[in-house]
Amino acid sequence: MKVETEIPKVYSPESIEPYWARVWVEQKLYRPSEDAARPRFSLAIPPPNVTGSLHIGHMLEHTEIDILMRWHRMRGEDVLWLPGTDHASIATQMIVEQELGREALPDLEGGSAAMAAWRREGQRRRLEMGPQKFLERCWQWKEQSGGRIRKQMERLGASVDWTRDRFTLDADYSRAVFEVFARLYREGLIYRGTYIVNWCPRCGTAVSDLEVVHEDRPGKLWYIRYPFEDGSGYVTVATTRPETMLGDTAVAVNPSDSRYRGAVGRRLVLPLLKRVIPVVADDFVDPKFGTGAVKVTPAHDPNDFGIATRHNLPHLKVLDEKALMTEAAGPYQGLDRYKARERVLDDLRASGLLEKEEDYALSVGVCSRCKTVVEPILSRQWFMKMQPLAEPAIRAVEEGRIRIVPENYRKIYLDWMHNIHDWCISRQLWWGHRIPVWTCEQCGEVLVSEESPGACSKCAGSGLRPETDVLDTWFSSALWPFATLGWPENTEDLRRYYPTDLMIMGFDILFFWGARMIMMGLKFMNEAPFRELYIHALVRDAERQKMSKTKGNVIDPLEVTEKYGTDAVRFALAISAAPGTDIAFSYDKIESYRAFANKIWNAGRFILMNLEKLGPEARSRVAAAYEAASKNGFGPLPTDPTLELADRWIFSRLATITQEIEDALVDYRFHEASHKVYHFFWHEFCDWYLEWIKPEITRPLGPEESCNAWANLLLVFESALHLLHPFMPFITEELWHRLPNREAEVSISLKPFALVGPQAANPDAERDFGNIRDLVVAARNAKAEAGLQKEKVAAQAATEDPALLRLFNVHQQTVLRLAGLESLDLVSGRLETGTHVTSAFELQLLYEKQVDPDAERFRLAKERDKLEGALVRVKKQLENRSFLDRAPEEVVRATESRRAELEIQFQKVVESLERLG
Ligand SMILES: [Zn+2]
Ligand SMILES: [Zn+2]
């Protein structure tokens with residue numbers, strides 16, 4: 001381990017974080033123990049896409065996961081955090097195309113126009129290169145991007161087991177994908193069919209419903225007249241997409257719509273193309289939309305496709321895969337869809353068949369990758385039947401075998417699952433898992449096989465045509481929790497680490513990924529893939545705006561970790577991460593937790609430097625006492641009657657805070673856990689404990705003197721480092737190694753989380769310490785009010801409680817020092833003019849300046865009014881039925897004792913006022 005005696009004055013994360021990041025990886029510290037005697041805790045990382053580098057959202061996700069992993073590891077569990085990346089079929093293919101375009105057109109200056117040009121050129125170059133060369137480029141890209149992601153994760157301190165790193169296109173993983181496809185196909189859950197799919201004309205592939213983003217845009221509703229064939233009038237239909245009328249094969253009305261009773265069954269002439277089409281009646285038609293009569297375009301609308309199936313209508317495809325009009329569009333053939341719309345409208349106007357147009361708000365579906373408007377078209381694709389898979393996945397959540405946190409996502413999940421549609425799983429892309437299917441050219445037999453089967457199993461023909469489509473990228477990621485553990489082999493990892501214990505993800509991929517993992521896990525492993533699913537929040541800017549490159553408010557994780565240190569950024573994220581609430585993140589926030597890291601560093605430095613000053617002999621005695629105490633497991637210490645009050649108090653605080661942090665982490669209340677540890681370290685350990693014991697540790701230690709104060713301090717500081725470690729792994733590792741006897745140890749991360757057990761809880765010590773703290777604070781406030789902060793002043797304190805008086809007497813010297821008093825006169829009973837009053841004691845300063853009775857009266861009257869107001873509010877609350885019914889019992893109890901306290905204080909102030917006359 002690193003040996004450095006002098007602790008640097010200035011905390012500089014850049015000099016310690018990269019060092020430990022490297023050591024942790026080199027020592028393979030985060031391989032699971034594989035010790036069957038320990039409880040196990042496993043999580044498979046949500047695999048980042050190999051499309052680039054990690055953003056702040058990843059950093060939040062990894063920080064939350066890492067806090068939990070380190071915590072469980074320190075609790076002695078066998079922890080596996082399995083890392084990996086996703087090939088991200090469509091996203092990666094697009095980026096590689098874009099790179100190809102950029103190489104060909106290096107002079108363009110960027111911006112969206114250049115991007116579009118690069119994509120166009122890249123697509124052209126891909127087709128020119130052919131699949132083999134293009135896929136080589138994709139693999140090169142994967143090496144680069146995957147390497148970058150790994151470096152970033154290491155730098156962020158993610159405690160993953162790199163020896164189990166997985167990639168969705170690995171050979172083993174691909175075997176699992178093939179196996180799942182083959183089994184589902186044999187069971188009839190995967191089928192090929194011709195249906196309406198969402199088609200991206202730019203990407204040239206089908207995309208699933210989830211990959212279509214809906215945008216609100218202003219549009220128009222056009223009313224078009226379709227004349228009856230016999231010349232006796234017309235039916236007016238309303239449409240938002242007039243160019244698709246070229247593909248109409250009927251007009252439909254609702255059977256209950258009396259306006260069209262005579263029309264059903266009659267024939268219309270389709271304007272412009274003069275084809276004859278029928279009027280059909282179908283329940284699906286909404287009589288309230290437009291005129292109640294709608295055009296039916298079976299090849300370009302999923303609902304119309306349904307109507308066509310029910311009424312046996314033909315499908316006429318008028319738009320092709322590039323969104324150009326086809327031959328079936330007659331004179332409009334070859335026109336782009338928007339150009340065709342203009343021409344169709346012009347021609348309708350000219351023929352007098354365009355009745356009117358109205359403004360109409362549209363929800364337009366665009367490709368989530370490239371923002372091109374998607375076109376619903378009829379296409380032959382592969383689909384997965386979802387309903388039979390969804391049912392067990394619904395039950396698993398309903399029966400509580402999977403707990404979804406926060407709770408509201410449970411309902412969102414169930415609603416979606418109850419309304420699930422079949423999933424289009426084929427993509428017309430190159431980068432991905434090729435669909436493992438061969439079709440016999442002689443007899444049409446479909447053969448499912450990973451490698452070419454050589455000959456047809458039915459007719460022995462050798463003409464086998466391979467499927468060229470690849471699978472939707474989410475097909476493979478749905479298998480992540482078990483495929484990463486070696487499935488379909490029955491590996492030891494699979495037996496030990498499946499089902500995993502936890503999954504953490506953003507809401508945006510709950511359906512893409514979360515729901516599908518649950519379905520696949522239940523189907524192939526008969527067990528849900530994880531016991532808990534925590535949905536984390538989004539990271540937004542300080543004004544709660546979404547971060548985006550165009551707004552320029554993006555916070556880059558690498559940049560901020562370089563500048564402020566990883567620990568500070570992690571802590572700032574964790575303390576902002578309240579479940580169910582988006583995170584307002586800012587540089588200011590990171591700055592203030594960098595100050596916290598500084599505070600920790602300075603506290604460590606203060607302790608270690610004073611230890612150094614003791615000299616070698618005393619130092620080794622301290623080290624021995626400390627070692628003996630830590631071997632004791634800290635158990636007997638808190639009850640040791642010789643223990644100082646400050647020690648009993650801080651050990652009790654440690655016990656309480658440890659429990660509170662653990663309770664918060666169980667429920668993913670990262671913000672609360674971080675607040676607790678922050679408050680403990682800064683406001684209890686540094687502000688009170690260190691100040692209290694300062695004289696003990698800043699003086700030389702005689703040869704016969706007890707080392708207790710020192711040993712206790714080291715124990716408390718070490719305990720605090722343990723509690724801080726999951727949140728701030730680097731600084732805690734560094735300081736911990738500098739403690740006596742810790743230099744040669746491996747890592748704080750392999751030590752217990754809690755060094756102080758619940759038996760250290762000591763309500764008496766907390767009460768006594770609290771009273772003294774109140775007395776010190778009262779004296780400091782009194783001095784501040786009198787403008788005497790800097791001076792040593794005499795004071796007088798009184799209480800009617802003999803035990804409290806004894807306590808104050810015992811700790812008088814400490815009170816004098818901490819409050820900056822010259823002397824403290826302690827009296828039993830009441831003061832003539834108690835100026836600072838709590839329910840337990842009164843305090844007043846004794847100094848030359850005469851108290852101005854008017855000013856004092858004014859101050860006390862103000863104090864009385866304030867107390868009276870507070871008392872009224874508390875009483876009101878305690879009379880409020882709904883508060884009493886709903887508030888937790890401890891809150892009600894706390895409110896009651898607050899009332900009692902306020903009453904005493906109020907009474908005392910009133911008496912003081914009376915004494916002043
Ligand atoms: Zn697209
Ligand atoms: Zn055959």
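Just so you know, ligand 1 is whichever comes first in the structure, and atom 1 is the first atom listed for that ligand. Computed over heavy atoms, backbone and side chain alike; hydrogens, waters and symmetry mates excluded.
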When you check the gap from the basic side-chain N to the acidic O, do Glu187 and Lys385 get nearer than 4.0 Å?
no
Are Arg119 and Glu97 close enough for a salt bridge, meaning some N to O gap below 4.0 Å?
no
When you compare the side chain of Arg310 with that of Phe284, does any pair of heavy atoms fall below 4.5 Å?
yes
Are the side chain of Arg125 and the backbone of Glu121 linked by a donor-acceptor contact shorter than 3.5 Å?
no
Take the Zn ion (ligand 2) as the centre and count protein N, O or S atoms at distances under 2.8 Å.
4
Before moving on, can you tell me the angle at the Zn ion (ligand 1) between the SG atom of Cys367 and the SG atom of Cys370, to the nearest 10 degrees?
110°
CG of Asp304 to CG of Asp248: how many Å apart, nearest 0.5 Å?
8.0 Å
Whether Ser89 side chain and Trp431 backbone form a donor-acceptor pair below 3.5 Å
yes
